[in-house]
Amino acid sequence: MAAIRNLKLLKECTVDGLLAGGPHYRLAGQAPCVHHTFTHANVLAGILDRNLVRKGADDRTERRLPRQRTEGIRYYPETESWTATKGSMTATVTACDWEYLPGGHVGGGTLSLLHHERLGTLLCAGMSRYTLKEPNNMQVPCRVRQECLAVRIEAEKDGIVYSSLYDDDVRVSVEGGLVTASGKLRDEKHRTLSGREQSYCFTYQVSGKELRIRAEFNDGTLICPLVSGADEAVSVEENGKRVIICKKNGQVLMESNREMRLPYNTERIFNLIPGLQALRVQINPQAGWAEVGIRVESGEEDGL
């Protein structure tokens, strides 16, 4: 089932016979990579050559994977990550403490992925900073607003960015259905702001058809890029306290107790890894905290 799901995703990312690096490459005006195409085609050719395709396999594509049938919170020590699943929604919290390049893999207890079975990916971190680690085998973004897609708290001082993504000493705890991550804003070299450390705390809860994020911090900005292709309609209501995105199988509503700003209006940002567009939404704290809810209305009972 997992292999068939993966093949289905590759098909959805194929543009004019070439495999793009993500679902939104065409919308973002980015060309698919030939090398990316033939490395995956090589595996598919091997499967076909060995006659490993079972008849009737397509009938299994909509069945739920074992992990999707297991609700609750699960810990993965290899990557210092947690998944919280309720019904059709799964959130992943990452506190990765192993760095393969500066500014690469996100950490700090960020919500690195939020996925809904019917509406797809709603949040996706990707790289904290897109870097050409393999310059001869990586694309350069072309005529696009390339930004980090991760949920994060970010502050800038003297031209240096301090972010929750760079905390390699974050403390994560699980109690009931809550996942809490507490840490300090750091720069890419994991240094705190000289003379004045800036602490933060994230609390995540998946319940019903909604994910709730509570962020406690005094300085900086809470940034929540909501995955959305440029072909999806967006509306802002309640004096900036509600953002609605209309997707193929339903609506995604982001609501906050604070006014949410869209610094680029409805223009999407993009990141080559994971190849997704997103609507940049940001919130400034009041009295040291802000709260955001991401709710799904799919028109069907999700069993949440």
Side-chain angles (χ1 to χ4, degrees), residues 6-44 94 99-107 110-115 119-152 154 156 159-161 163 165-166 187-188 221 223-234 243 245-248 252 261-282:
N6 186 63
L7 183 61
K8 183 179 178 181
L9 177 60
L10 294 179
K11 182 179 179 179
E12 292 175 355
C13 293
T14 298
V15 179
D16 298 329
L18 294 175
L19 182 62
H24 291 160
Y25 262 56
R26 185 197 291 271
L27 289 173
Q30 305 302 299
C33 176
V34 174
H35 182 270
H36 192 199
T37 301
F38 72 69
T39 54
H40 285 76
N42 181 46
V43 176
L44 294 178
T94 301
E99 185 177 67
Y100 66 92
L101 80 159
H105 197 292
V106 299
T110 190
L111 191 80
S112 57
L113 186 69
L114 177 65
H115 186 269
L119 272 68
T121 301
L122 307 180
L123 298 171
C124 188
M127 296 179 70
S128 54
R129 181 170 63 86
Y130 185 72
T131 306
L132 297 177
K133 182 174 177 61
E134 300 178 27
N136 295 326
N137 192 32
M138 296 178 70
Q139 290 181 248
V140 176
C142 180
R143 297 186 299 276
V144 70
R145 195 184 290 276
Q146 167 99 344
E147 288 193 10
C148 174
L149 301 187
V151 174
R152 63 198 184 276
E154 191 171 281
E156 186 171 338
I160 300 175
V161 173
S163 173
L165 300 178
Y166 301 140
D187 64 11
E188 279 194 5
T221 302
I223 302 172
C224 296
L226 192 58
V227 172
S228 171
D231 58 348
E232 296 173 342
V234 176
V243 176
I245 297 178
C246 296
K247 293 182 174 288
K248 180 180 178 181
V252 177
R261 287 203 315 115
L262 278 61
Y264 310 129
N265 200 0
T266 59
E267 178 187 352
R268 294 344 190 239
I269 60 176
F270 177 77
N271 199 291
L272 285 163
I273 300 176
L276 292 171
Q277 290 184 315
L279 190 70
R280 175 168 169 145
V281 180
Q282 57 190 54

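These numbers were taken from a predicted model, which means no experiment stands behind them. All values below were derived from every heavy atom in this structure, side-chain atoms included, with hydrogens, water molecules and symmetry-related copies excluded.
Here CD1 of I273 is found 5.0 Å from CE of M127. Values are rounded to the nearest 0.5 Å. Between Q139 atom CD and H36 atom NE2 the span is 9.0 Å, to the nearest 0.5 Å. Atom OG1 of T14 sits about 10.5 Å away from atom CZ of R26, to the nearest 0.5 Å.
Contacts of R261 classified as side-chain hydrogen bond (donor to acceptor under 3.5 Å, both in side chains), with partners at least two apart in sequence or in another chain: none. Partners of C142 under the side chain to side chain contact (heavy atoms under 4.5 Å, CB included) rule, at least two apart in sequence or in another chain, are Q30. Annotation: salt bridge (charged side-chain N to carboxylate O under 4.0 Å, His left out) contacts of E12 (sequence neighbours excluded): none. The side chain to side chain contact (heavy atoms under 4.5 Å, CB included) test applied to H115 returns T121, not counting sequence neighbours. Residues satisfying the side chain to side chain contact (heavy atoms under 4.5 Å, CB included) test with A278, not counting sequence neighbours, are L149, P225, I269. T221 pairs by the side-chain hydrogen bond (donor to acceptor under 3.5 Å, both in side chains) definition with N284, not counting sequence neighbours. Under the ring pair (Phe, Tyr, Trp, His ring centres under 6.0 Å) criterion, Y166 pairs with no residue, sequence neighbours left out. Remark: H35 pairs with C33, F38, T39, N137 by the side chain to side chain contact (heavy atoms under 4.5 Å, CB included) rule, at least two apart or across chains. Listed by chain and residue number, nothing satisfies the side-chain hydrogen bond (donor to acceptor under 3.5 Å, both in side chains) test with E156 (two or more places apart in sequence, or in another chain). With sequence neighbours excluded, the residues that form a salt bridge (charged side-chain N to carboxylate O under 4.0 Å, His left out) with R152 are E154.
The minimum heavy-atom distance between P23 and P274, with the atom names listed, is CD-O, 4.1 Å. Nearest heavy-atom pair, Q277 versus L27, reported as atom, atom and distance to 0.1 Å: OE1-CB, 3.5 Å. Across all non-hydrogen atoms, the minimal contact from P141 to Q146 is CB-OE1, 3.8 Å. When all heavy atoms are compared, the tightest approach of Q282 to P263 is OE1-CG, 3.4 Å. In terms of heavy-atom proximity, G17 sits nearest to T37 at O-CG2, 4.1 Å. Annotation for C13 and G22: closest pair SG-C, 3.7 Å, computed over non-hydrogen atoms.
Contact of the L44 side chain with the L7 side chain is registered, since non-hydrogen atoms from C-beta on lie closer than 4.5 Å. You'll find the side chain of L10 reaches within 4.5 Å of the side chain of H40, heavy atoms only. Within the 4.5 Å cutoff, no side-chain heavy atoms of N271 are placed close to those of L276. Between L279 and V234, some side-chain heavy-atom pair lies under the 4.5 Å cut-off. Between P32 and L19 there is no side-chain heavy-atom pair separated by less than 4.5 Å. Contact annotation: the side chain of R280 never approaches that of L262 to less than 4.5 Å [non-hydrogen atoms, C-beta and beyond]. Looking at heavy atoms from C-beta onward, H105 lies in side-chain contact with T94 at the 4.5 angstrom threshold. Proximity of V252 to L122: side-chain heavy atoms (C-beta onward) are separated by under 4.5 Å at one or more points.
Of the possible polar contacts, none joining the N265 side chain to the E267 backbone as a donor-acceptor pair under 3.5 Å is found. The backbone N or O of T266 sits less than 3.5 Å from a side-chain atom of R268, completing a donor-acceptor pair. A donor-acceptor pair is defined here as one N or O able to donate and one able to accept, closer than 3.5 Å; such a pair exists between the side chain of S163 and the backbone of L165.
The stretch residues 27-42 participates, sequence neighbours left out, in no salt bridge (Lys or Arg N to Asp or Glu O under 4.0 Å) pair at all. Sorted by first then second residue, the ring-ring contact (aromatic ring centres under 6.0 Å, His included) pairs that include residues 13-33, not counting sequence neighbours, are Y25-F270.
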Run the numbers on L226 and I245 for side-chain contact (heavy atoms from CB on, under 4.5 Å), then give the verdict. CA-CA 9 Å; L226 192 58; I245 297 178; 3.5 Å; yes
